[in-house]
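Accompanying notes for the structure given below.
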Amino acid sequence: SPVDARGVLVMTSGVHAREFAPVEVVLRYAESLAAGYGQDADITAVLDHTVLHLVPQSNPDSRRIADLNRPDRQPRKNQNGRNGCPVPAYLGTDLNRNFAFKHGGQGSSDQPCAITYRGVGPASEPETRALQGLSSAVFSGRGGGRAAAADVDTDADADADADAPFRPVNDDTGGMY
């Protein structure tokens, strides 16, 4: 299929580097796709009709800290020492709360030493900017990304609220958009 006609999937993991399992899931998924192409009809169909962008490790500096099991550092946040926290164990920004979409919302903190510190501003961290840039590039011209896959007619209230497919659903408030 031509690339522009194929579906798109962007899968990221490792934003909180201390969470090892999601990274492994993405890596195992990639391995299964590579091994199954041409061997498994479902995998072959997925790869023939979908452009995949897999980012298994979104926070590499903190992953190194997590791998070393350093008690003096917090591997949930990135290791940016310019965030204003004087305590080395709590320096950095929680990348999951640094994305521009709904920056500063519920569950984030404006206190630099807090575990959920959202950063000095929306997308202030290089890791966040890289992921947002990837998503923007991948979904550019595709009707708004996630909304392009939603069929307005499947929502019983779609006529009453035409913007419904363009808003995140309740369980999407903590991630990247």
Side-chain angles (χ1 to χ4, degrees), residues 8-31 51-150 161 163-177:
V8 175
L9 171 68
V10 174
M11 184 182 291
T12 66
S13 65
V15 170
H16 294 152
R18 69 181 182 183
E19 298 166 359
F20 295 116
V23 173
E24 287 300 315
V25 169
V26 172
L27 291 172
R28 298 290 171 104
Y29 181 59
E31 289 172 354
V51 178
L52 303 174
H53 299 269
L54 308 179
V55 182
Q57 186 50 258
S58 303
N59 191 354
D61 54 346
S62 286
R63 177 56 187 253
R64 180 73 177 142
I65 298 296
D67 285 342
L68 294 173
N69 197 25
R70 289 189 50 186
D72 62 327
R73 292 295 180 95
Q74 176 48 258
R76 175 190 173 106
K77 297 161 80 174
N78 72 357
Q79 298 300 303
N80 183 348
R82 298 180 311 271
N83 72 346
C85 180
V87 182
Y90 293 100
L91 61 79
T93 296
D94 183 348
L95 298 175
N96 198 44
R97 286 159 176 79
N98 187 242
F99 290 100
F101 184 80
K102 292 193 176 185
H103 185 266
Q106 185 176 8
S108 70
S109 174
D110 63 354
Q111 300 299 308
C113 291
I115 193 101
T116 58
Y117 177 58
R118 62 182 167 245
V120 297
S124 60
E125 302 305 304
E127 301 92 338
T128 306
R129 287 192 304 275
L131 292 173
Q132 286 187 180
L134 171 65
S135 291
S136 293
V138 167
F139 292 111
S140 176
R142 290 188 173 265
R146 177 183 152 96
D161 188 0
D163 291 331
F166 300 97
R167 285 197 302 272
V169 293
N170 291 339
D171 64 344
D172 280 348
T173 58
M176 182 180 84
Y177 301 91

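In terms of heavy-atom proximity, Gln79 sits nearest to Ser62 at NE2-OG, 2.9 Å. When all heavy atoms are compared, the tightest approach of Thr128 to Ala123 is CG2-CA, 3.9 Å. When all heavy atoms of Val51 and His53 are compared, the closest pair comes out as CG1-NE2, 3.4 Å. Of all the heavy atoms in Val15 and Asn96, the pair that sits closest is CG1-N, 3.4 Å. Closest approach of Gly84 to Pro112, counting heavy atoms only: C-CB, 3.9 Å.
Considering only heavy atoms from C-beta on, Val120 stays 4.5 Å or farther from Asn83 through its side chain. Looking only at side-chain heavy atoms (C-beta outward), Arg18 and Ile65 stay at 4.5 Å or farther from each other. Taking 4.5 Å as the limit, every side-chain heavy atom of Asn80 sits out of range of all side-chain heavy atoms of Leu91. Side-chain contact check for Ser58 versus Glu127: every heavy-atom pair is 4.5 Å or farther apart. Side chains of Tyr29 and Met11 form a contact here, defined as non-hydrogen atoms less than 4.5 Å apart. Between Arg76 and Thr116 the shortest side-chain heavy-atom distance falls below 4.5 Å. Using a 4.5 Å heavy-atom threshold, the side chains of Pro86 and Cys113 count as touching.
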task = Starting from the C-alpha separation in whole Å, work towards a yes-or-no answer on side-chain contact (heavy atoms from CB on, under 4.5 Å) for Asn98 and Tyr117.
result = CA-CA 8 Å; Asn98 187 242; Tyr117 177 58; over 6 Å; no
ask   = For Val55 and Leu134, what are the C-alpha separation, side-chain angles and deciding distance, and is it a side-chain contact (heavy atoms from CB on, under 4.5 Å)?
value = CA-CA 10 Å; Val55 182; Leu134 171 65; 3.7 Å; yes
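Within a 6.0 Å sphere centred on CZ of Phe20, other residues, nucleotides and ligands contribute more than 12 heavy atoms.
Formation of a donor-acceptor pair under 3.5 Å by the Lys77 side chain with backbone atoms of Ala114 is found in this model. Looking only at distances, no side-chain donor or acceptor of Ser13 sits under 3.5 Å from a matching main-chain atom of Val26. Here the side chain of Asn59 pairs no donor or acceptor atom with the backbone of Gly14 at under 3.5 angstrom. Checked by atom type and distance alone, the side chain of Ser136 never pairs as donor or acceptor with a backbone atom of Gly133 at under 3.5 Å.
Between the CG atom of Leu95 and the CG atom of Asn78 there is a distance of 4.5 Å, given to the nearest 0.5 Å. Considering OG of Ser124 and CZ of Phe99, their distance stands at 11.0 Å, rounded to 0.5 Å. With values rounded to the nearest 0.5 angstrom, Glu125 atom CD is found 14.0 Å from Arg97 atom CZ.
There is a side-chain donor-acceptor pair under 3.5 Å between Arg118 and Ser108.
The list of salt bridge (charged side-chain N to carboxylate O under 4.0 Å, His left out) pairs with a residue in residues 59-70, not counting sequence neighbours, reads Arg63-Asp67, Arg70-Asp72.
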